[in-house]
Amino acid sequence: MSCRVEVDSASANAFEIEVIKMIALPAAAFSSLGLLIGSLAGLTISPIVVGLITALFAFVGGSAVAFVGQLNRDQLQLASVAVLCLSTFMLVGVVGGSLIRANNLFILNLDQRAKAQENAVSTGNNYMRQNLKALRDDLKSSLADGRTTLDEACEELRTATTQGR
């Protein structure tokens with residue numbers, strides 16, 4: 001004994017459109033949010049951004065874990081699509097924002113862009129300079145506390161500058 005249900009094509013198409021809306025709209029929303037967050041993170045050089053992105057992922061991941069037992073299969077799939085879209089487009093945004101910042105692509109005048117790139121090259125590596133400043137501060141406190149000698153501090157500083165630490 002079989003049961004056969006007849007469905008007309010108009011109602012089947014309407015159902016398909018509703019399913020697409022249920023998945024596509026949240027996916028587009030979370031993709032846009034991820035792209036915005038990633039672009040802002042890629043464009044900025046502030047260290048606070050790392051903390052903000054970490055907090056965002058902790059919030060999203062914690063929320064997903066908290067609600068996973070209360071969701072049915074369809075809701076779980078929708079949540080998975082949303083998190084996947086957010087994460088993927090955040091990565092795309094970070095890479096894009098970093099490339100824009102590194103190549104000074106917001107500067108429209110080509111002469112100004114070339115001058116900004118020359119300045120970036122002539123000032124050297126900010127990362128290395130920040131590490132050397134931190135090392136200098138550590139060595140100052142070690143010298144003041146008597147944990148190291150002046151010769152040891154000089155040798156450590158010499159090693160750091162020659163090895164590019």
Q. Who else is in Leu35's hydrophobic cluster (ILVMFWY, side-chain heavy atoms under 4.5 Å, direct or via others)?
A. Phe89, Val92
**Q.** ILVMFWY cluster membership beyond Leu36 - transitive side-chain contacts under 4.5 angstrom
**A.** Leu40
Q: Not counting sequence neighbours, which residues clear side chain to side chain donor-acceptor pair (under 3.5 Å) with Asp145? List them please.
A: Arg147
**Q.** Ile37 side, atom CD1; Met90 side, atom CE - distance, nearest 0.5 Å
**A.** 4.0 Å
(Q) Restricting to side-chain contact (heavy atoms from CB on, under 4.5 Å), what partner residues turn up for Ala41, sequence neighbours left out? (A) Val49, Ile53, Val94
Q) For Asp138, what residues pass the side-chain contact (heavy atoms from CB on, under 4.5 Å) criterion, not counting sequence neighbours? A) none
For residues 68-80, please give each side-chain donor-acceptor pair under 3.5 Å, one per line with the distance, not counting sequence neighbours.
from, atom 1, to, atom 2, distance (Å)
Asn72, OD1, Asp74, N, 3.1
Asn72, OD1, Gln75, N, 2.8
Gln75, OE1, Asn72, N, 3.1
Ser80, OG, Leu76, O, 2.8

Q. Which atom names give the shortest non-hydrogen contact between Arg101 and Leu43, and what distance separates them?
A. CD-O, 3.0 Å
**Q.** Closest heavy-atom pair and its distance - Ala27, Ser31
**A.** O-OG, 2.7 Å
Q.
If the condition is side-chain contact (heavy atoms from CB on, under 4.5 Å), which residues does Thr88 pass it with, not counting sequence neighbours?
A. Leu84
Q. Do the side chains of Phe59 and Val83 join up, straight or via other hydrophobic residues, at under 4.5 Å, putting them in one cluster?
A. yes
**Q.** Contacts of Leu150 that satisfy side-chain contact (heavy atoms from CB on, under 4.5 Å) - sequence neighbours left out
**A.** Leu143, Cys154
Q: Please identify each residue that fulfils salt bridge (charged side-chain N to carboxylate O under 4.0 Å, His left out) with Glu152, with sequence neighbours left out.
A: none
